[in-house]
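These notes are about the structure you will find just below.
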Amino acid sequence: MAYDFERYLNVRSAYGGSFGPDGERLSFLLDVTGVPQVWRLDDPETWPDQLTFYDERVTFASWSPEQDELIFGMDEGGNERQQLFRLDGDGEIITPLTETPDAKHRWGGWNSDGSRFAFASNRRNHAVFDVYVQDRDETGGNAELVHEGDGWLSVAGWSPDDDRLAVVESHSSFDQDLHVLDIESGDVEHVTSHDGNVRYRSVNWGPDGDALYLVTDEGSDTTYLARLDLDSGDIEVVEEGGEWNVDGVTLDENTGRLVYSRNEDGYTELTVGELTGETTIREFPTPNLPRGIAGGVSFDPDAERFAVTVTGSTTNENVYVVETETGTAERWTDASTAGIPPETFVRPKLVHFESFDDREIPAFFSVPEDATPGETPVIVDIHGGPESQRRPSFSPTKQYFLNRGYAVFEPNVRGSSGYGKEYSHLDDVEKRMDSVADIEAGVEWLHDQRVVDPDRIVAMGGSYGGFMVLAALTEYPDLWAAGVDIVGIANFVTFLENTGDWRRELREAEYGSLEDDREFLESVSPINNVRSIEASLLVLHGENDPRVPVGEAEQIADEAAERGVPVEKLVFPDEGHGFSKLENRIKAYTTIAEFLDEHV
């Protein structure tokens, strides 16, 4: 049976579980009203209580460790200038905590008794982030500035004795430094001196406060679980990554219990255990969770259970609660599939194709069950990032197009994360167009698939994936029947000039700098090659986008129209980098469907 797009876009997501201080109640985010709001459950799969009622999206919610209250984040119109709010556990009283609407606030966690919290913000200087500590009952400008930064800082958490903060300084997506900040004195100790690009992520304080447990790729192609000794600065391996990355770790500092994840060709493999020594783990049984992607682990106060969000190709996001020692898992939330039978959802195949340099490129390929050989159109759906990875998570838009008879091809071209450090750097700066050549090789692979109609292949992608769409249309124009560019980059020069001040340095590390690489950036910008486009083009954007400013959409649409390219443009005045409001998602993706029906 065919369902309309609105039905698919009403498939719900429940995620971001956090246990209350009593260990019984669970908060989570649910988008049943059209945007994510805070909800609470006292028992599994019972009707939840809604605690927030905004028209804007809530970005996270975190319970106080000892008091009946949460802190949540929310921006306005997708502008990503997140503000923090305190919410009583019954939802009756909401108190604005930051009240600085022109600045971003990045959550840094509660201290051990919930009397204070930390965050990073660019309120002093929009180009850099500082570290603040604030009492739970203070508001507005009463936060204490404990460290002035000169880059992209975030707070990883409080030490067990609450006198220090772990601070992450990001130079690029693949290069971070860690610092330990003494709150009272303001002294900062740099604890990860290194050369080259090294990742230090998913940082947790060890039980005794003398070490940090984290994920890193120092001296390795893939990331691994490690212990960083704060006295010596030595990194010791706790669990090797091997062929695949260890993605993240969550450690309960009171009990030493932990959960870490490994990304195996896009699928999550969870390991649960507890520390028996500084670098040794006693493993518990593997949780009996659906196969797919799992993350966002949050322990209850005694670490006897943990909440985790799970999704898969054919299962929408829900929060499960796992018994730590036994692995027994129970789904607590019941996010609706909007009346669409889950058995109608299509599972992809993991495939590999050979690119121009004989490198094997992984991809997920989904084909409708009733596809007719030689007559099936294909959407090549290109992820953003570029250091992202297409993984087997649930996508209502993908399932809609599969239901409508489209196949979907999702390549993880060079530059994608998840396949080691070397692979992720294969598209840096001057090698940028090699990843576009991977797209061309993927389409050639599609031409060899019996089910595919080679004259009806579509390029679609968002953010950096939008650049890839435009680049594919300009570099390989004869391959495409249509292109859909969602919040994409058309001109690297104007993008870097106009993106948020806090992001420019990080993005230049990936794309090249305005000062040193301007000529190259101009040469690979699709805006300068629009005359080559032969396919029809649809451009969608959010007017408040702080990452890829709306001017990118305006200039590519105007230039394409001037060059005689059939082009349509749709801009949402109340959205940012993507579409968070249900009514806007319905309009955006219904427009995409109608556009493809017309041109493909």
Counting heavy atoms not belonging to E369, are there more than 12 under 6.0 Å from its CD?
-> no
Sort out for me which residue in F409, Y406, F401 forms a side chain to side chain contact (heavy atoms under 4.5 Å, CB included) with V378.
-> F409
Is the closest side-chain donor-acceptor distance between Y419 and N412 under 3.5 Å?
-> yes
Just checking, any donor-acceptor pair under 3.5 angstrom between side chains of D453 and T376?
-> no
Backbone of L225 reached by a side-chain donor or acceptor of E239 within 3.5 Å | no
Is any side-chain heavy atom of F174 less than 4.5 Å from a side-chain heavy atom of H425?
-> yes
Short side-chain to backbone donor-acceptor contact, S202 and G248, under 3.5 Å | no
Under the 3.5 angstrom rule, does the side chain of N204 hit a backbone N or O of V249 as a donor-acceptor pair?
-> yes
Indicate the atoms forming the closest heavy-atom contact of G327 with N288, along with that distance.
-> O-OD1, 2.8 Å
What is the distance from atom CE of M433 to atom CD of E440, rounded to the nearest 0.5 Å?
-> 12.0 Å
Start with the C-alpha gap between T314 and F394, add the side-chain angles, then the distance that decides, and say whether side chain to side chain contact (heavy atoms under 4.5 Å, CB included) holds.
-> CA-CA 6 Å; T314 60; F394 185 80; 5.7 Å; no
Do W107 and F60 have ring centres separated by under 6.0 Å?
-> yes
How long is the span from the OG1 atom in T216 to the OH atom in Y200, to the nearest 0.5 Å?
-> 5.0 Å
Do side-chain atoms of T311 reach the backbone of I293 as a donor and acceptor pair under 3.5 angstrom?
-> no
Dump the intermediate steps for side chain to side chain contact (heavy atoms under 4.5 Å, CB included) on L446 and D448, then the final yes or no.
-> CA-CA 5 Å; L446 287 170; D448 294 334; over 6 Å; no
Ring center gap for F492 and F467 short of 6.0 angstrom | yes
Between Y464 and H383, does the ring centre distance come in under 6.0 Å?
-> no
Do L538 and F595 come close enough that some side-chain heavy atom pair is under 4.5 Å?
-> yes
K398/D381 salt bridge by N-O under 4.0 Å criterion | no
Salt bridge D252-R257, side-chain N to carboxylate O under 4.0 Å = no
Is the closest basic N to carboxylate O distance between R291 and E269 below 4.0 Å?
-> yes
Are any side-chain N or O atoms of Q399 and backbone N or O atoms of S313, one a donor and one an acceptor, separated by less than 3.5 Å?
-> yes
Donor-acceptor under 3.5 Å (T279 side chain, V237 main chain) | no
Ion pair check, R456 and E375, cut-off under 4.0 Å = no
In plain terms, say whether R391 and D247 are close enough for a salt bridge, that is, a side-chain N and a carboxylate O under 4.0 Å apart.
-> yes
Heavy-atom closest contact (P287 atom, V322 atom, distance) = CB-CG1, 3.9 Å
Validation row: P207, L275 side chains within 4.5 angstrom (heavy atoms) | yes
Salt bridge check: are D221 and K421 linked by an N-O gap of less than 4.0 Å?
-> no
Are N245 and T222 linked by a side-chain donor-acceptor pair shorter than 3.5 Å?
-> no
Taking atom types as modelled, is there a side-chain donor on T223 or D217 under 3.5 Å from an acceptor on the other?
-> no
Atom pair CZ (R331) and CG (L289), whose distance is rounded to the nearest 0.5 Å = 12.0 Å
Is the F5 ring parallel, tilted or perpendicular to the Y400 ring (thresholds 30°, 60°)?
-> parallel
With a 4.5 Å heavy-atom cut-off, do T397 and L9 have their side chains touching?
-> yes
Say you draw a straight line from CG of D175 to OG of S170; how long is it, rounded to the nearest 0.5 Å?
-> 8.5 Å
Keeping the roles fixed (side chain from T309, backbone from Y15), state whether a donor-acceptor pair exists under 3.5 Å.
-> no
Is the backbone N or O of G266 less than 3.5 Å from a side-chain atom of N263, with the two atoms forming a donor-acceptor pair by type?
-> yes
Closest approach of R57 to S580 (non-hydrogen atoms, all atoms of both residues) | CD-CB, 3.9 Å
What heavy-atom pair brings A14 and L30 nearest, and what distance separates the two atoms?
-> CB-CD1, 4.0 Å
Below 4.0 angstrom, N of the basic side chain to O of the carboxylate: do R432 and D434 qualify?
-> no
Heavy-atom side-chain proximity of F306 to S298 below 4.5 angstrom = no
Would you say the side chain of P290 lies within less than 4.5 Å of the side chain of Y320, judging by non-hydrogen atoms?
-> yes
Is the shortest heavy-atom distance from the side chain of V380 to the side chain of I382 under 4.5 Å?
-> yes
How many angstroms lie between OG1 in T344 and CG in N403, if you round to the nearest 0.5 Å?
-> 6.5 Å
So which heavy atom on Y213 is nearest to which on G277, and how close?
-> OH-O, 4.3 Å
Residue pair L251 / F299, side-chain heavy-atom distance below 4.5 Å | no
So, S463 side chain and G465 main chain: donor-acceptor pair closer than 3.5 Å or not?
-> no
So which heavy atom on Q176 is nearest to which on R201, and how close?
-> OE1-CG, 3.7 Å
Keeping the roles fixed (side chain from S220, backbone from Y224), state whether a donor-acceptor pair exists under 3.5 Å.
-> no
Are F365 and W445 near enough that their ring centres are under 6.0 Å apart?
-> yes
Before giving the answer on side chain to side chain contact (heavy atoms under 4.5 Å, CB included), spell out for V469 and V484 the whole-Å C-alpha distance, their side-chain angles and the decisive distance to 0.1 Å.
-> CA-CA 7 Å; V469 167; V484 180; 5.8 Å; no
Answer with yes or no whether the side chains of E387 and S173 bring together a donor and an acceptor at under 3.5 Å.
-> yes
Gap separating the CD1 atom of I489 from the CE atom of M468, nearest 0.5 angstrom | 11.0 Å
Does the side chain of T337 pick up a donor-acceptor pair with the side chain of R12 at under 3.5 Å?
-> no
State whether a side-chain donor-acceptor pair under 3.5 Å links Q82 with T59.
-> yes
Are E354 and R359 close enough for a salt bridge, meaning some N to O gap below 4.0 Å?
-> no
Apply the test side chain to side chain contact (heavy atoms under 4.5 Å, CB included) to residues F520 and V429: give CA-CA distance (whole Å), side-chain angles for both, the deciding distance (0.1 Å), then the verdict.
-> CA-CA 8 Å; F520 169 75; V429 191; 4.3 Å; yes
